[in-house]
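Worksheet: one structure, shown below.
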Amino acid sequence: MELPRKQYLGKLIRKKDNGRIKVITGIRRCGKSYLLFNLYHRCLIENGIKEEQIIELALDDLQNVKYRNPIELDKYIRGKISNASVRYYVFIDEIQFVAEIQNPYLDDSNEKITFVDTLLGLMKLPNADIYVTGSNSKMLSSDILTQFRDRADDIRVYPLSYAEFYGAYEGDKRRAWPDYYTYGGMPVVLTLPTHEEKSAYLRNLFERTYIRDILERNNIQNDTDVLEDLLNILSSGIGSLTNPTRISRTFASEKHLQISEQTIAKYIDYFVNAFLIDKAERYDVKGRKYIHTPIKYYFTDVGLRNARLGFRQIEETHLMENVIFNDLKRRGFDIDVGVVPYNVKKENGKHALKQLEVDFVINRGDTRCYIQSALSVADPEKKEQEIASLLRIPDSFQKIVVVRDFINPRKDDKGIQYIGVEDFLLNESFIET
């Protein structure tokens with residue numbers, strides 16, 4: 001089964017020959033290597049680039065261990081770029097395998113040479129276009145862009161979107177949505193026919209890849225159980241407001257462990273940096289300011305989240321919200337949780353300040369949109385609850401309620417749009433840009 005990954009392939013094509021290093025990042029096993037070594041390779045060939053112009057090196061291959069030395073890697077690539085009149089395309093997979101070594105020419109110095117030095121040097125070659133992938137556990141996009149001094153383009157790859165999943169889904173298409181919010185969008189999942197196989201794959205991926213990577217990268221030896229428990233807490237609470245203080249209290253009350261807020265915040269950052277989870281901060285829509293705590297956390301792939309909990313908490317309402325969040329991130333929007341404060345008059349005649357929530361306030365350039373996620377608004381009382389916050393927003397930006405129900409997209413007399421979740425995920429044009 002071939003997955004075209006058109007969004008990311010298009011980004012690579014647009015950045016071709018731009019004089020910068022293209023760094024492909026994202027959660028492991030989401031298809032970064034396949035994108036580069038299969039899809040983009042074929043695209044270059046189809047557009048007139050010859051095979052000998054493409055230099056490929058997989059550093060996780062045992063036969064290439066010599067080139068995990070940054071100096072040897074530099075020699076190898078430069079040796080392949082043999083014709084000054086020819087344009088070469090350099091693909092290096094798993095660049096994090098390159099070791100950090102002491103400069104062999106400076107005996108009394110602590111100066112280190114890393115893959116960053118190698119790549120910056122290769123980038124200066126006038127006839128070389130450089131592309132690398134790397135394990136997100138050791139080669140984070142924020143690290144890369146800092147070390148490369150703004151001379152790299154970060155191309156973030158996500159698991160399959162629902163549109164990609166739906167297009168490749170074989171079988172009754174009515175099963176696509178429940179399968180997606182249950183098993184997620186890791187590409188291999190589409191090839192596995194049974195629940196047992198999907199479950200085993202996702203569980204093993206979590207334990208043998210992501211957790212191991214986090215432990216190794218951050219040199220965690222004694223707090224493994226705490227890390228695992230924290231993952232379970234975050235998995236159970238996707239889309240719920242929380243913060244390190246609340247989680248610390250949970251450890252104290254349920255686990256009888258005293259874990260500091262600082263430690264919990266640090267471990268959550270490890271998960272974010274490994275692309276396992278993402279976060280959305282709260283934004284006061286009327287006051288136009290951020291409320292930095294509490295915040296919401298979402299899993300990059302809902303299938304991994306469900307596997308973490310043994311598929312015991314498949315609540316469609318929370319999973320649907322998580323899926324919408326991921327899709328908006330993939331589309332390039334900045335996402336906040338909206339807070340809409342308003343005054344109410346109490347029975348004693350006094351006024352009190354209350355807050356309503358907007359699930360997502362999204363921004364991209366001059367585009368803003370407010371989005372609510374709801375299983376249904378068929379009941380009038382439920383509908384009024386869902387749109388109460390939207391009605392109190394004092395601007396004219398687009399307002400959308402995404403529902404689980406199969407409905408024809410429509411707009412009410414208050415200007416609020418109602419769209420079924422599958423239509424919303426399959427058609428990006430619903431958000432006005």
Side-chain angles (χ1 to χ4, degrees), residues 162 174-182 235-242 280 282-286 291 294-299 302 305-306 309 312-328 333 335-347 352-362 368-427 430-432:
Y162 181 65
R174 291 173 298 181
R175 289 293 312 164
W177 169 247
D179 279 359
Y180 186 75
Y181 73 69
T182 301
S235 299
S236 295
I238 56 169
S240 299
L241 290 169
T242 191
R282 299 169 78 210
Y283 179 74
D284 182 337
V285 174
K286 290 186 175 180
I291 307 168
I295 61 179
K296 288 188 176 185
Y297 294 99
Y298 297 96
F299 266 73
V302 293
R305 177 266 181 190
N306 293 337
L309 298 175
R312 291 186 297 272
Q313 296 181 27
I314 310 296
E315 315 95 336
E316 188 174 2
T317 177
H318 299 306
L319 293 170
M320 176 174 146
E321 183 179 327
N322 198 143
V323 168
I324 293 171
F325 174 86
N326 289 342
D327 208 69
L328 293 170
F333 288 104
I335 308 174
D336 301 310
V337 177
V339 176
V340 184
Y342 70 103
N343 283 301
V344 294
K345 190 173 183 179
K346 301 168 69 175
E347 292 182 0
L353 184 66
K354 289 196 173 184
Q355 293 181 337
L356 294 172
E357 183 179 291
V358 181
D359 287 330
F360 305 121
V361 180
I362 65 171
R368 170 174 285 189
C369 181
Y370 304 100
I371 297 175
Q372 288 285 71
S373 172
L375 281 183
S376 176
V377 291
D379 178 75
E381 184 176 344
K382 175 63 175 174
K383 176 183 176 181
E384 291 305 311
Q385 290 176 358
E386 293 293 345
I387 67 174
S389 60
L390 300 179
L391 294 176
R392 285 181 167 85
I393 297 174
D395 63 43
S396 59
F397 288 113
Q398 188 179 14
K399 301 172 179 67
I400 297 175
V401 178
V402 180
V403 299
R404 172 64 188 95
D405 299 336
F406 290 96
I407 63 171
N408 291 321
R410 65 178 188 272
K411 182 181 291 188
D412 66 17
D413 56 2
K414 300 178 179 68
I416 297 173
Q417 294 175 272
Y418 300 85
I419 305 167
V421 64
E422 292 189 69
D423 284 338
F424 181 80
L425 296 172
L426 292 173
N427 186 351
F430 282 116
I431 297 178
E432 300 167 1

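When a residue number appears, it is its place in the shown sequence, counting from 1.
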Trace of the side-chain contact (heavy atoms from CB on, under 4.5 Å) decision for Val401 with Leu390: CA-CA 9 Å; Val401 178; Leu390 300 179; 3.8 Å; yes

A side-chain contact here means heavy atoms from C-beta on lying under 4.5 Å apart; do [X] and [Y] qualify?
X      : Y      : value
Ile238 : Leu319 : yes
Glu357 : Ser389 : no
His318 : Arg305 : no
Asn343 : Leu353 : yes
Gln417 : Pro409 : no
Asn306 : Phe299 : no
Val403 : Glu386 : no
Ile387 : Tyr418 : yes

Plane angle bin for Tyr162 and Tyr180 - parallel if under 30°, tilted between 30 and 60°, otherwise perpendicular: perpendicular

Can you measure from [atom1] ([X]) to [atom2] ([Y]) and round to the nearest 0.5 angstrom?
X      : Y      : atom1 : atom2 : answer
Lys296 : Thr242 : NZ    : OG1   : 12.0 Å
Asp359 : Met320 : CG    : CE    : 9.0 Å
Phe424 : Ser373 : CZ    : OG    : 9.5 Å
Gln398 : Arg368 : CD    : CZ    : 13.0 Å
Asp405 : Glu422 : CG    : CD    : 11.5 Å
Leu425 : Leu328 : CG    : CG    : 8.5 Å

Can you confirm whether more than 12 heavy atoms, excluding those of Asn408, are under 6.0 Å from its CG atom? no

The test is side-chain contact (heavy atoms from CB on, under 4.5 Å); show your working for Lys399 and Gln372 and say whether it passes. CA-CA 8 Å; Lys399 301 172 179 67; Gln372 288 285 71; over 6 Å; no

Distance-minimising heavy-atom pair for [X] and [Y]:
X      : Y      : value
Ile393 : Val340 : CG1-CG2, 4.0 Å
Val402 : Gly420 : CG1-C, 4.3 Å
Gln313 : Ser236 : NE2-OG, 3.5 Å
Tyr181 : Val302 : O-CG2, 3.7 Å
Phe430 : Ile400 : O-CD1, 4.1 Å

List the steps, then state whether side-chain contact (heavy atoms from CB on, under 4.5 Å) holds for Asp412 with Arg410. CA-CA 7 Å; Asp412 66 17; Arg410 65 178 188 272; over 6 Å; no

